[in-house]
K.L.:
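Quick one: the structure is below, and I'll ask about it shortly.
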Amino acid sequence: QVQVVESGGGLVQAGGSLRLSCAASGRTNSNYAMGWFRQAPGKEREFVASISWNGGRTDYADSVKGRFTISRENAKNTLYLQMNFLKPEDTAVYYCAAKPVGLLNMINYYSRIADYDYWGQGTQVTVSS
């Protein structure tokens, strides 16, 4: 089992940037595909970005393409989400998620909530207009 903890959220003006981090601990010697999701007040949790275990493949929601970048440093057991040109509609709690993968799935990314087994507690991102 792995635990994931998000950090880096905060308050930023529209047009600004933030970088979220997700630190994994526990059974980190296993392979995990990772993802970022978010949930705004009164809305369902939604997909933001995902990355394969080897970091070679990524996927993004249309709403963040060209503005957000997902990356990872497996040696540090850390996942990142660089968020640029933030908009008020990006305001949400951002969650990191992990999915164990076998060798055959090391290059796959996963974009559905149901794909993931482990979730963090979330970090709040607020973008003011």
Side-chain angles (χ1 to χ4, degrees):
Q1 185 167 333
V2 66
Q3 294 79 41
V4 292
V5 179
E6 306 92 339
S7 62
L11 173 64
V12 63
Q13 289 188 333
S17 298
L18 280 176
R19 189 175 83 155
L20 304 183
S21 298
C22 173
S25 61
R27 194 177 176 182
T28 56
N29 59 331
S30 296
N31 304 328
Y32 296 92
M34 304 288 290
W36 288 100
F37 293 78
R38 66 186 182 187
Q39 188 166 15
K43 295 187 177 182
E44 294 185 349
R45 191 170 300 190
E46 65 177 8
F47 167 72
V48 175
S50 59
I51 189 167
S52 60
W53 176 82
N54 67 352
R57 298 182 69 201
T58 58
D59 189 27
Y60 296 91
D62 288 342
S63 59
V64 306
K65 279 182 182 176
R67 300 188 299 123
F68 291 11
T69 302
I70 188 171
S71 62
R72 66 190 298 167
E73 287 188 77
N74 287 347
K76 295 183 178 180
N77 297 317
T78 304
L79 175 75
Y80 303 100
L81 184 68
Q82 177 66 45
M83 305 185 295
N84 299 327
F85 306 107
L86 282 161
K87 304 175 182 180
E89 50 263 46
D90 294 318
T91 295
V93 177
Y94 283 71
Y95 297 91
C96 169
K99 172 184 172 59
V101 295
L103 292 176
L104 293 178
N105 294 318
M106 288 173 58
I107 62 171
N108 292 343
Y109 52 75
Y110 300 87
S111 306
R112 300 182 307 162
I113 292 173
D115 288 330
Y116 289 88
D117 299 280
Y118 304 106
W119 293 83
Q121 294 299 307
T123 184
Q124 176 70 48
V125 171
T126 303
V127 185
S128 62
S129 56

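Remember, it's a predicted structure, so these values are computed and weren't measured experimentally.
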K.L.:
Cluster question for you: counting only ILVMFWY and a side-chain heavy-atom cut-off of under 4.5 Å, with indirect links fine, are Phe47 and Val4 together?
P.N.:
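Different hydrophobic clusters.
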K.L.:
Using only atom types and a distance under 3.5 Å, with no angle test, would you say the side chain of Thr69 pairs donor to acceptor with the backbone of Gln82?
P.N.:
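Judged by distance alone, no pair lies under 3.5 Å.
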K.L.:
Over all heavy atoms of both residues, which pair between Gly9 and Thr123 is shortest? Give the atoms and the distance, please.
P.N.:
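Between these two residues, the closest heavy atoms are N-OG1, 3.2 Å.
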K.L.:
Any chain of hydrophobic side-chain contacts (each under 4.5 Å) joining Leu103 to Ile107?
P.N.:
no
K.L.:
Hey, can you tell me if Tyr118 and Tyr32 have their rings parallel, tilted or perpendicular (30° and 60° cut-offs)?
P.N.:
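The rings of Tyr118 and Tyr32 stand perpendicular, inter-plane angle above 60°.
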K.L.:
With sequence neighbours excluded, tell me which residues meet side-chain hydrogen bond (donor to acceptor under 3.5 Å, both in side chains) with Asp117.
P.N.:
none
K.L.:
Restricting to non-hydrogen atoms, name the atom on Val12 and the atom on Leu86 that form the minimum distance, rounded to 0.1 Å.
P.N.:
CG1-CD1, 3.5 Å
K.L.:
Could you tell me whether the side chain of Thr78 and the main chain of Lys76 form a donor-acceptor pair under 3.5 Å?
P.N.:
yes
K.L.:
Carefully, step by step, assess Thr58 and Tyr109 under the rule side-chain contact (heavy atoms from CB on, under 4.5 Å).
P.N.:
CA-CA 6 Å; Thr58 58; Tyr109 52 75; 5.8 Å; no
K.L.:
Under 3.5 Å, is there a donor-acceptor pair between the Glu73 and Tyr80 side chains?
P.N.:
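The criterion, which ignores hydrogens and geometry beyond distance, is satisfied for Tyr80 and Glu73.
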K.L.:
Rounded to the nearest 0.5 Å, what's the gap from SG on Cys96 to OH on Tyr116? Could you check?
P.N.:
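It is 9.0 Å, given to the nearest 0.5 Å.
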K.L.:
In Å and rounded to the nearest 0.5 Å, what is the CE to CG distance from Met83 to Leu18?
P.N.:
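It comes to 4.5 Å.
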K.L.:
Flag this pair as yes if the NZ/CZ of Arg45 is under 6.0 angstrom from the six-membered ring centre of Tyr95 and inside a 45 degree cone about the axis; otherwise no.
P.N.:
yes
K.L.:
Identify which one of Glu6, Glu44, Glu46 satisfies the salt bridge (Lys or Arg N to Asp or Glu O under 4.0 Å) criterion when paired with Arg38.
P.N.:
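Exactly one candidate clears the test, Glu46.
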K.L.:
With side-chain contact (heavy atoms from CB on, under 4.5 Å) as the test, pick out the partner of Val125 among Leu81, Leu11, Asp90, Leu20.
P.N.:
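Looking at Leu81, Leu11, Asp90, Leu20, the match for Val125 under the side-chain contact (heavy atoms from CB on, under 4.5 Å) is Leu20.
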K.L.:
Does Lys99 make a cation-pi contact with Tyr110, if we ask for NZ or CZ under 6.0 Å from the ring centre and within 45° of the axis?
P.N.:
yes
K.L.:
Would you check if Ser50 and Tyr60 make a side-chain contact, meaning some heavy-atom pair closer than 4.5 Å?
P.N.:
no
K.L.:
For Gln121, does the CD atom sit with more than 12 other heavy atoms under 6.0 Å from it, leaving out its own atoms?
P.N.:
no
K.L.:
Any luck finding a side-chain donor-acceptor pair between Asn84 and Ser17 under 3.5 Å?
P.N.:
yes
K.L.:
Going through the distances and angles, do Arg72 and Asn77 end up as a side-chain contact (heavy atoms from CB on, under 4.5 Å)?
P.N.:
CA-CA 8 Å; Arg72 66 190 298 167; Asn77 297 317; over 6 Å; no
K.L.:
So do Trp53 and Asn105 actually touch side chain to side chain, heavy atoms under 4.5 Å?
P.N.:
no
K.L.:
Count I, L, V, M, F, W, Y as connected when their side-chain heavy atoms are under 4.5 Å apart, and connections chain through other members. Are Met34 and Ile113 then in the same cluster?
P.N.:
no
K.L.:
Applying a strict under-4.5 Å side-chain criterion to I, L, V, M, F, W and Y, I'd like to know whether Phe37 and Val93 cluster together.
P.N.:
yes
K.L.:
Got a second to check how far Asp115's CG is from Asn108's CG, nearest 0.5 Å?
P.N.:
10.5 Å
K.L.:
Is there side-chain contact between Leu79 and Ile51, with at least one heavy-atom pair below 4.5 Å?
P.N.:
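When only atoms from C-beta onward are counted, Ile51 and Leu79 do touch, with a gap below 4.5 Å.
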K.L.:
Nearest 0.5 Å, what's the CD-OG distance between Glu89 and Ser129?
P.N.:
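Output value for this atom pair is 10.0 Å.
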